[in-house]
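A quick write-up on the structure given underneath.
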Number of protein chains: 4
Amino acid sequence: MTRLDHAPLPKKSPRQARAQATYDAILQAAAHILTEGGPTALTTNLVAEHAGVSIGSLYQYFPSKEAIVAELIRDLRRQMLDDIRGMAAFVEGQPLRFAVARMIRASIHHHVHTQGRAEVLEQLEHHLPFDTETEAIKTQIIDLVAALLDSHGIEQPRHAAFDMINLVVGMAHPALHVGETDYEALALRIERAALGYLGLNTSGSVA
Amino acid sequence: MTRLDHAPLPKKSPRQARAQATYDAILQAAAHILTEGGPTALTTNLVAEHAGVSIGSLYQYFPSKEAIVAELIRDLRRQMLDDIRGMAAFVEGQPLRFAVARMIRASIHHHVHTQGRAEVLEQLEHHLPFDTETEAIKTQIIDLVAALLDSHGIEQPRHAAFDMINLVVGMAHPALHVGETDYEALALRIERAALGYLGLNTSGSVA
Amino acid sequence: MTRLDHAPLPKKSPRQARAQATYDAILQAAAHILTEGGPTALTTNLVAEHAGVSIGSLYQYFPSKEAIVAELIRDLRRQMLDDIRGMAAFVEGQPLRFAVARMIRASIHHHVHTQGRAEVLEQLEHHLPFDTETEAIKTQIIDLVAALLDSHGIEQPRHAAFDMINLVVGMAHPALHVGETDYEALALRIERAALGYLGLNTSGSVA
Amino acid sequence: MTRLDHAPLPKKSPRQARAQATYDAILQAAAHILTEGGPTALTTNLVAEHAGVSIGSLYQYFPSKEAIVAELIRDLRRQMLDDIRGMAAFVEGQPLRFAVARMIRASIHHHVHTQGRAEVLEQLEHHLPFDTETEAIKTQIIDLVAALLDSHGIEQPRHAAFDMINLVVGMAHPALHVGETDYEALALRIERAALGYLGLNTSGSVA
DNA sequence: CATGAATGAGGCTTCATTCAT
DNA sequence: CATGAATGAAGCCTCATTCAT
């Protein structure tokens, strides 16, 4: 159960257009199977079939099944980072309340958009060898949020960023999972908790 | 994709003392393997071996591997319910702030106590057939918290209970996973979010 | 694949009434399971359960599963022999045509009466070690029929007896299996073949 | 106890020459094991071993053990149908006596040729889910014989075909099983019964 | 490079049988 | 003797991966 092996990287960077297409098809197929059938449904043969390539070809592009999952995770994290980057740029110079509101909506949007892919992949990530790039991205995400909080004078910004992300995800994810569709109402509820955490007194009370 | 099958129940209730010991040993072994090696490490043969019984004995008590996991989940939920019951009784008549503080500590304690078992089991629960008892317990947990919140005048208490539980678990769980050991500090941070959610203004600000 | 081992005999002759009851209950349970669920449904534990005894007790009376089946087969053959004996006595001194007619009806009756038990048991018999008693009974059955035929001047009576039995069973069994319920019509059809075999010209033609 | 499931079909038709060889080897091995050791000897691992392929390969071509047996049965029935077709064409326009004689010899030949495979497979067929193709073939066989009988003015030709087939098989099969090798003598005995059944008076009597 | 046939370790489960109580 | 807990060999099957064509 070593957790220190080298993370599985894609075997080779696709040089040609066709190769790139195959590569992408495999990832898409894997993502699709994962969201539809869960982790146990993800078999290399099924992925190859869905991707319309032979099992042999699949192994040309990925050294192992884990490598596919790892790449899926990296993709997701990259996209997350991009979203957060965009959001951070957008709220630059705006008051903290506004920034927090944006962040929460962005998070909800992200979850809805990736429709459950995030859930399964995060589960699988736990049982994958440590991946440098993924960790780097996660660090960047924390850093971005921390910088944002720091610029508003929040103490221990990295700590706070960690908590904030967990708070938002922790509340949004189960609600969405259970079928909640009123995203704005959900966002407002999460906002109360987030602002409370940050010590920004909210005007009214639920009680 | 049926989710309506019969939930896997233990096959046969142990009548002799020896049987009870075997039964317990199997569950303990399974829990141990799950926390140490994750879902993929959980094989029936390994469970039997760790439990010090034959594979045949394992199948005397559980009709399938899933049934073991299902029972583990039920155990966890029952324990959760007990903890919450105790907590609810303890905070009876106390102010909401106090109740919330207790609830958060209880939750953290529970997580620490079950050391990650909760995480894996919740993941696995998603891919198991619907289990009436487990769902019943979860409902009772929500009901208890909802009643608590309701007694303090919180609006939409069931909704709030759902959010509160996710908030607490969502924040506590990753922090503990990452190795945080200052439980009191963690509790205080979660408290700020919780009180904010409930609209109970906190005195100071982080900023 | 030796076929020469000793046939499995019941472990001990039951001396007491209770023992006899248990012994019978086991055989009945086995017969029932066999007719209902076929050979694959016959497991020792299930037999014990149906018989209302513990698996340990079952093994007090029968040394193995095969022994149960072997006893079931012996039972069936004994009953067959009895039926044929009765029939042979009944047709004593009657013309051959009459005897044949009786024999056919008796055979059909026997099959209907044991409702499929005969089929399954005959199949199983092929894969059981040679059983002296069963073979002895089968010989006696042939002998009885042969004597009957001989008394009517049929040549090579043992050979003819063998053929006659197969003819009757071979025609009756599939027809009954397919659901034929007009036993008399079936008997008449078989009779034509039997009489033809024996060289007793039938009055009319099907054509 | 459903009998309405899909019949087990071979999983994947072999595209390469190597594949076809593997496919055939599996079926041959299964047939061999079945005739030598009976149903209980037929294990997937043994089949794979005898076929000289890995167990994985076996499951590339057959989704289950039952599927192998089902295919063996279909093979046998197809071959039977072919034999009967040839025989029917051959006796076209010939007198019924001649046709019957041919049919009986063909049947004996078929049994000898498939050396007991028929016996075991017919037994196993009872415990297999309904197979459309097999049933279709059986119907065609009956139809062919019925047409033959009908062309000779036999009443209720389908009924008669059913009886005739059972008569012939019912007599031939046990005799051959018991080791009879004088096929012509056997054929003549069966002929007497068959002609008797059809109402074609035989010249002499056994008596 | 693509293909897909082949591999085989290993997972789940059954069930005849033994044996301590 | 009865009980039923325990055993474990052995069967069925999956699926990640390799390799000849």
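Residue numbers begin at 1 in each chain, while the letters A, B, ... track the order of the sequences.
- Ion pairing between a basic and an acidic side chain is recognised when a charged N comes within 4.0 Å of a carboxylate O; A:Glu135 and A:Arg74 show no such pairing.
- Rounded to whole Å, the distance from CG on A:Asn45 to P on E:dA5 is 11 Å.
- Within 4.0 Å (heavy atoms only), D:Thr43 reaches sugar-phosphate atoms of the nucleic acid but no base atom.
- If you check E:dA20 for Watson-Crick or wobble pairing at under 3.5 angstrom, you find it paired to F:dT3.
- As rounded to whole Å, 12 Å separates atom C1' of E:dA2 from atom CD1 of A:Ile26.
- With a cut-off of 3.5 Å on both pairing distances, the Watson-Crick or G-U wobble partner of F:dC15 is E:dG8.
- Among the nucleotides E:dA6, F:dT17, F:dA2, the one closest to any side-chain atom of C:Ser57 is F:dA2.
- One can place CD of D:Glu49 at 13 Å from P of F:dA10, the figure rounded to the nearest angstrom.
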inquiry  = D:Glu125 vs D:Leu121, test: side-chain contact (heavy atoms from CB on, under 4.5 Å). Steps then yes/no.
reply    = CA-CA 6 Å; D:Glu125 193 179 354; D:Leu121 287 175; over 6 Å; no
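- Nearest to the side-chain atoms of B:Val53 among the listed nucleotides F:dG4, E:dG4, F:dT7 stands F:dT7.
- B:Glu49 and B:Asn45 share no donor-acceptor pair across their side chains, judged by distance under 3.5 Å alone.
- Atom CD1 of C:Ile68 and atom C1' of E:dT17 are 12 Å apart (whole Å).
- A salt bridge between B:Glu133 and B:Arg78 is present, with a side-chain N of the basic residue lying under 4.0 Å from a carboxylate O of the acidic one.
- Listed pair D:Tyr59 / F:dT14 fails the phosphate criterion, with no side-chain N or O lying under 4.0 Å from OP1 or OP2.
- Closest contact between the side chain of A:Gln60 and the listed nucleotides F:dC12, F:dA2, E:dC1 involves E:dC1.
- Comparing D:Gly56 and C:Thr40 by the nucleotide of DNA chain E that holds the closest heavy atom to each, the one mapping nearer the 5' end is D:Gly56.
- Of the candidate nucleotides F:dC12, E:dT7, E:dG4, E:dT7 has the atom lying nearest to any side-chain atom of D:Ser54.
- Distance CD1 (C:Ile55) to P (E:dA20): 17 Å, rounded to an integer number of Å.
- If you measure from atom OH of B:Tyr23 to atom P of F:dA6, you get 13 Å, rounded to the nearest angstrom.
- OP1 or OP2 of E:dA2 lies within a sub-4.0 Å distance of a side-chain N or O belonging to A:Tyr61.
- In this structure, D:Leu46 reaches neither bases nor backbone, as no heavy-atom distance under 4.0 Å exists between it and the strands shown.
- What separates CD of A:Glu66 from C1' of F:dC15 is a distance of 14 Å, to the nearest Å.
- Note that CD of D:Glu66 and CG of D:Leu128 are 4.5 Å apart. Values are rounded to the nearest 0.5 Å.
- Map A:Thr44 and D:Leu42 each onto its nearest nucleotide of DNA chain F; the residue landing nearer the 5' end is D:Leu42.
- For the pair D:Asp24 CG and E:dA5 P, the interatomic distance rounds to 14 Å; values are reported in whole Å.
- B:Leu58 comes within contact range of no nucleotide atom at all, as no heavy-atom separation falls under 4.0 Å.
- Ring-plane geometry between B:Phe62 and B:Tyr23 is classed as parallel, the angle between the planes falling under 30 degrees on a 0 to 90 degree scale with a further cut at 60.
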